[in-house]
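Atom set for the values below is all heavy atoms of this structure, side chains included, hydrogens, waters and symmetry mates excluded. Everything quoted here is computed from the prediction, not taken from an experiment.
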Amino acid sequence: MASSLETTPTQYLEADGIRFAYRRLGPDQGVPVVLLQHFTGTMDGWDPAVVNALSADRPVIVFDNAGVGSSSGTVPNNVERQTQDAEAFISALGFPVVDLLGFSLGGFVAQVMAARAKVNVRRLIIAGSAPKGGQEHLLQVVEEAFSKNSRDVRLPLFFTPSKESQQAAEAFVDRALARTQDRDPDSGEKVSNPQAASIIGWCAEPDPDHASLKAIKQPTLIVHGSDDTMFPSINAYEMFKAMTSATLIIYPDSGHGALFQYPETFVAHVKTFLDA
């Protein structure tokens, strides 16, 4: 079924007392890729250039976790509970096996989910994220981004100040705003406050031997921006070194949203990895 992130209808699914909002794209057959979203992000925060291209030859699921966007419930203030909510949603979808793409905070959730067997995760993509006990500058970076009074806070938040990166940023924001009907509501403090607490808590929790990363046995693709100010790129390298089956790619002149700056390159890398 041909569909696009800009037009595909929102569906709803009940699990664990939560009414999850989701959108399904791509063919009926194949291992689906479930996308786990960033801090305050909704289904409409994803880049259509990434989602539509991934869904050309495999099912893709975007969704709002509990309390976010069009889903009911409340946002937990810790990654463990957010993972439990996401596991309930994915289990209710009924797929025997899934691939995960976790961006930023979604990458935390993906790590926890992959390390245990509640959901059968085949392969894992972690973009712009950090390990437990990693480095984060969330509050400082978000405050600085808002202080710039840009057209969209993601311009300074996800991209570098270079001319090339900012051109890519403008193109990304245009794509992300293209859907005009049935858009998710923007996130307020009921989302941002508990999610910020969960990010800070995750990075403040020591994991000196990287036991949580070593528990992940699935093949993993780690993608990061060279100049990610929110989660410095050393996080990606530490994940790569600690995991048993990880590949690391760092994109040039790019920030937290590297996957949206280089959507064609990112999709090519992801497809090559998932098809291996």
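- Note: F240 and H224 fail the aromatic proximity criterion, with ring centroids not under 6.0 Å apart.
- When all heavy atoms are compared, the tightest approach of A145 to P156 is O-CG, 3.6 Å.
- Q82 places a side-chain N or O within donor-acceptor distance of the main-chain N or O of P76, the cut-off being under 3.5 Å.
- A donor-acceptor contact closer than 3.5 angstrom is absent between the side chains of S233 and D228.
- Separation of the F63 and Y22 ring centroids does not fall under the 6.0 Å cut-off.
- By the 4.0 Å N-to-carboxylate-O rule, D174 lies close enough to R151 to be salt-bridged with it.
- Put simply, the side chain of R183 gets close to the backbone of R179: a donor and an acceptor are under 3.5 Å apart.
- Looking at D184 and S70, their side chains do bring a donor and an acceptor atom within 3.5 Å of each other.
- A donor-acceptor pair shorter than 3.5 Å can be found between the side chains of R23 and T10.
- Side chains of Q195 and N77: a donor-acceptor N/O pair is absent below 3.5 angstrom, by distance only.
- Comment: K132 does not engage E80 in a salt bridge, judged by the lack of any side-chain N to carboxylate O separation of less than 4.0 angstrom.
- Classification of the F103-F158 ring pair by plane angle, with boundaries at 30° and 60°, yields perpendicular.
- The minimum heavy-atom distance between L93 and L13, with the atom names listed, is CD2-CD1, 3.7 Å.
- A salt bridge links D57 to K271: at least one charged side-chain nitrogen sits closer than 4.0 Å to a carboxylate oxygen.
- The side-chain tip of R123 points at the ring of F273 from less than 6.0 angstrom away and within 45° of straight on.
- Taking the side-chain hydrogen bond (donor to acceptor under 3.5 Å, both in side chains) definition, one finds that D47 meets it with R175, sequence neighbours left out.
- Taking each heavy atom of V267 and A49 in turn, the nearest pair found is CG2-O, 4.2 Å.
- Going from atom OG1 of T160 over to atom CG of D227 covers 6.5 Å, rounded to the nearest 0.5 Å.
- Atom CG of D186 has 12 or fewer heavy atoms from other residues, nucleotides or ligands within 6.0 Å.
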